[in-house]
Amino acid sequence: MNSAILNDAIRVLKDAKDKGTKIVGIVQHSMFPDELVLAAGAIPVRLILGGKDEQEIGDHYLSATTCPFGRATLGFFEKSHPLYSFFDTLIVGTFCNGVQNVANYLHYFEIPSVSLVLPHDRRESSLNFYVNELKKIQTYLENLTGKRCTAKGFSDAIQSYNEMRSLLRKINEYRKQDIPPISGTGIHELVCQSLLVGPKVMIPKCQEVLDTLNDSLPQYSGTRILLTGSGITFGDIILEIIEDQCGGLIVADDLWSSMDYFLEDVEITNPNPLKSLADRYLCRNLCGRMIPESEIRIPKIVELYRSYHAKGIINHTLKFCDSYSSLKPEFRKFMARRDISVLDLDRDYAESDVGQLKTRIEAFLEMIA
Amino acid sequence: MINYQIEDFKIQSVLDLGIRYLLGPIQISKARKRGKKIVAGFLPPMELVFAAKNALPLFLPRLTEFPFSQYIGVINIVNRLHLLRLLVSYYIKNREHFSVGYFESINQDEFSKIFTSLINIAEKAEFYMDTCVQTRICYGAMVKNQHLIDLILGGLEGDYCLHFAKFYERMSHYKPVFYFEKPYGDASNEELMDLVRAELQRFIARLEDLTGSTVTDAHIRKIAQINNEIRGYLRELYNYYIKGYVPVHTAALLLIHGCYVDFLSDANYFKNKLRNLIIAIRRKYKKGLPNYRKEGIYRVVIAGSPGFDPILPSTFENAGAVLLYLDVLESCVKTPSIKTSGDMLENYAKYLLDLNIKEGIQDIIDIWMGAAKRVKADAILFSHVWGCRFTTPAYRKLKDFVMDELGIPIIPLDFYSPGENIGQVQTRIGAFIEMLK
């Protein structure tokens with residue numbers, strides 16, 4: 001794990017907290033607009049940590065057949081991890097069972113929370129429902145911060161996130177090169193930073209990275225793969241295993257902790273900002289939790305696979321992550337019909353199976369190279 | 001002394017319900033030959049299927065073929081002649097003369113095997129096996145009987161359990177699936193009411209399209225009235241448990257729950273049998289139904305995911321206790337009846353939201369706690385179903401509530417598949433009941 005990123009985030013959040021700014025933790029992996037928190041005058045922080053020890057602590061609360069992320073998150077709270085000690089409130093909700101399970105036990109840590117209820121489809125009635133849910137969260141946040149969300153506040157927040165996303169997309173474009181100057185791990189770290197500290201810190205940082213990339217010589221080579229499945233938490237060793245130890249190069253993905261975060265912008269001209277946010281976060285996300293997956297996610301994966309010149313797909317799932325585990329055979333068959341090779345990986349944060357993972361990844365990369 | 005579960009099957013209506021449940025595959029095949037469309041899923045809003053003239057709802061596990069399926073036609077005739085009840089009575093009276101407890105052996109071993117066979121079918125079809133036993137069984141039943149199914153209705157469960165939602169999506173690779181969206185919340189949320197109304201309209205349009213018949217307000221009213229009557233009988237049944245009686249034991253209680261899911265694909269039949277059951281229980285009550293609370297027979301409420309090994313009821317009975325599965329009965333008490341005057345779509349939408357989960361697992365914990373409080377349970381057994389993402393993780397939370405508010409013992413019991421670790425289960429339950437004593 002790049003601990004400098006984490007330490008920087010902790011410092012930024014501490015400074016903000018010392019100045020009286022409210023810090024809002026977001027347990028939902030995606031489908032929640034961070035812009036709303038910023039417009040309400042608070043700082044949004046996505047919960048992005050996962051770990052072996054914390055997962056074990058989480059077993060005291062949740063059964064072992066719940067997702068490792070949910071268990072680890074409770075573990076981090078119990079350990080009073082510095083990053084998780086700033087929250088004035090948490091946004092929870094019905095993204096998945098893992099997120100719901102975290103919410104069920106927050107009272108043990110005396111952290112207030114508010115729930116964002118999410119539909120599974122993108123029909124008009126669901127969109128209206130979602131907009132109403134955002135209104136509910138807006139009111140909650142306004143009460144928390146004592147500030148009203150104004151039209152200008154929304155506009156500024158959306159613009160700054162769009163700008164940050166735009167820069168991330170520009171950086172990401174370099175991954176299309178035969179020998180790109182940035183790796184999948186590099187993009188993932190930038191997104192994790194964005195999830196922790198937001199556009200104010202990240203716009204100049206991304207600009208700096210972009211300038212460096214413009215000047216730099218190609219650095220990364222390896223067998224090109226697209227990574228899909230469960231989100232990768234910050235510091236997860238799976239990226240290191242694929243890229244550093246097995247000779248793979250992640251050139252594209254659809255992860256909430258990577259490309260799904262920045263591929264789509266929020267429409268700025270709509271007079272109702274909540275509708276714009278709903279359109280982006282409900283109707284244009286790549287989440288596997290949505291039904292049916294074939295509507296947006298699967299075609300997008302094929303499109304990314306082709307445009308980023310990948311040679312195979314690693315479908316990585318955390319054990320008991322239903323968004324991505326349930327339809328693995330169908331996913332594999334769908335891709336096989338298009339002559340796309342898929343490697344299924346299923347794991348948790350325990351590191352006992354690292355050797356086996358490496359063997360399987362190496363064999364797959366050799367096969368598709 | 002505790003009554004054996006088998007004694008409940010001396011009640012004609014319990015026998016009728018049991019036989020009709022077992023006749024599931026035959027009933028559905030015949031209905032389909034008559035041109036009926038079969039909509040598989042769970043209640044609610046499955047009962048709406050009855051509002052379409054040519055359609056029947058079906059709870060997938062009802063397609064399970066039991067080991068004595070080849071005899072079920074004969075058994076049905078014997079039952080219709082009211083002879084089966086006499087045979088059961090004869091068996092009970094002379095059970096010591098039988099070399100083995102035939103009925104018990106069916107209960108314990110054969111039931112385990114049939115469900116395991118469905119699980120094996122699911123596994124062969126590459127189903128995601130790191131999941132609860134209920135979905136593994138239902139998926140196996142669907143794969144095996146897909147030729148009998150016209151439409152799958154997915155909904156309620158998918159709102160709280162993402163695995164269930166994806167389970168329905170997976171089924172869509174075999175058969176058409178209608179996914180009914182109904183996020184958490186209640187009728188005070190106008191947008192949610194709008195959403196549920198829109199979903200109902202969409203579902204009704206789908207039913208009309210499937211069956212070629214029109215679903216009218218009057219049709220919905222009729223099924224709503226039947227539903228209200230059924231739930232009224234269940235409330236009355238529950239009252240006996242609340243007073244300390246056990247009008248029917250675990251097996252019959254589970255049977256009623258199983259029948260409730262799809263009203264046995266015949267709402268009037270189910271309603272009439274429940275009415276007969278209530279009449280029979282009233283008679284027994286007048287004659288002097290034993291009160292378990294007064295007799296000191298331990299009444300253990302089962303909480304957790306609705307799945308446990310078929311041997312569990314008799315294990316409790318042998319240990320001198322009775323296991324009570326009361327989820328639906330408690331839900332009937334908590335949820336008001338469907339309003340049957342005015343706009344039925346509106347009324348039904350409101351009913352769905354009355355039933356709906358508002359806050360997540362806490363709603364379900366309230367059901368378990370409510371049941372345990374109402375019947376003054378001596379203990380709670382938590383069915384710790386392996387792979388369940390929604391209720392099983394609530395164990396610690398429930399345990400803390402039970403300790404704080406009820407002060408009665410609670411025991412978790414792991415369950416992966418029927419027939420596994422039977423010896424361990426029996427030892428554990430035996431020790432638990434001993435501790436209660």
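Since the structure is predicted, the reported quantities are computational estimates derived from the model, not experimental observations. Values below: all heavy atoms of this structure, side chains included; hydrogens, waters and symmetry mates excluded.
Among residues 55-70 of chain A, the residues having any heavy atom closer than 4.5 Å to a heavy atom of chain B are, in sequence order, A/His60, A/Tyr61, A/Leu62, A/Ser63, A/Thr65, A/Thr66.
For A/Ile291, the side chain to side chain contact (heavy atoms under 4.5 Å, CB included) partners are A/His120, B/Ala165, B/Lys166, B/Glu169, B/Tyr179, not counting sequence neighbours. Residues satisfying the side chain to side chain contact (heavy atoms under 4.5 Å, CB included) criterion with B/Ile429, sequence neighbours excluded, are B/Leu312, B/Thr315, B/Phe316, B/Leu381, B/Leu413, B/Val425, B/Ile433. In this view, B/Glu190 satisfies the side chain to side chain contact (heavy atoms under 4.5 Å, CB included) rule with no residue, not counting sequence neighbours.
Open room surrounds CD on B/Glu359; 12 or fewer heavy atoms of other groups in view lie less than 6.0 Å from it. With a 6.0 Å radius and a threshold of 12 heavy atoms from other residues, nucleotides or ligands, B/Gln424 has its CD atom at or below the threshold. Summarising the local packing, NZ of B/Lys399 is surrounded by 12 or fewer heavy atoms from other residues, nucleotides or ligands at distances under 6.0 Å.
For the pair A/Asn128/B/Asp194, no side-chain contact is recorded, criterion being any heavy-atom separation below 4.5 Å from C-beta on. No side-chain heavy atom of B/Phe164 sits under 4.5 Å from any side-chain heavy atom of A/Asp322.
Annotation for B/Lys397 and A/Tyr108: closest pair CA-OH, 4.1 Å, computed over non-hydrogen atoms. The two residues A/Cys96 and B/Leu162 have their closest heavy-atom pair at CB-CD2, 3.6 Å.
Put simply, CG on B/Leu398 and CG on A/Asn104 are 12.0 Å apart, with the number rounded to the nearest 0.5 Å. Atom CG of B/Leu195 and atom OG of A/Ser126 lie 4.5 Å apart (nearest 0.5 Å). Atom OH of B/Tyr128 sits about 6.5 Å away from atom CZ of A/Phe320, to the nearest 0.5 Å. Between atom CD of residue B/Gln201 and atom OG of residue A/Ser125 there is a gap of 9.5 Å, rounded to the nearest 0.5 Å. Considering NE2 of A/His107 and CD of B/Gln362, their distance stands at 8.0 Å, rounded to 0.5 Å. To the nearest 0.5 Å, atom SG of residue A/Cys321 and atom CG of residue B/Asp130 are 12.0 Å apart.
Ion pair A/Lys328/B/Glu126 not flagged as a salt bridge, since none of the NZ, NE, NH1 or NH2 atoms sits closer than 4.0 Å to an Asp/Glu carboxylate oxygen. Look at A/Glu293 and B/Arg170 and you find no salt bridge, because none of the NZ, NE, NH1 or NH2 atoms lies under 4.0 Å from a carboxylate O.
Chain B forms the most heavy-atom pairs under 4.5 Å with one residue out of A/Asp121, A/Thr94, A/Asp346, and that residue is A/Asp121. Note on A/Ala103, A/Ser323, A/Ser294, A/Gly98: by heavy-atom pairs under 4.5 Å with chain B, the leading option is A/Ser323. With chain A as partner, the option from B/Ala394, B/Pro183, B/Cys388 having the largest number of non-hydrogen pairs under 4.5 angstrom is B/Pro183. Taking chain B as the reference chain and counting heavy-atom pairs below 4.5 Å, the highest number among A/Phe95, A/Tyr105, A/Tyr130 is found for A/Tyr105.
Checking A/Gln100 against B/Tyr184 by side-chain atom types alone, a donor-acceptor pair falls below 3.5 Å.
For B/Arg197, no part sits under 4.5 Å from any heavy atom of chain A, backbone or side chain. Both the backbone and the side chain of B/His163 come within contact range of chain A, with heavy atoms under 4.5 Å apart. For A/Arg71, no part sits under 4.5 Å from any heavy atom of chain B, backbone or side chain. When heavy atoms are compared at a cutoff of 4.5 Å, A/Asn101 approaches chain B solely by way of its side chain, counted from C-beta outward.
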For A/Lys136 and B/Glu191: C-alpha separation, side-chain torsions, deciding distance, then whether side-chain contact (heavy atoms from CB on, under 4.5 Å) applies. CA-CA 12 Å; A/Lys136 178 184 85 181; B/Glu191 281 71 16; over 6 Å; no

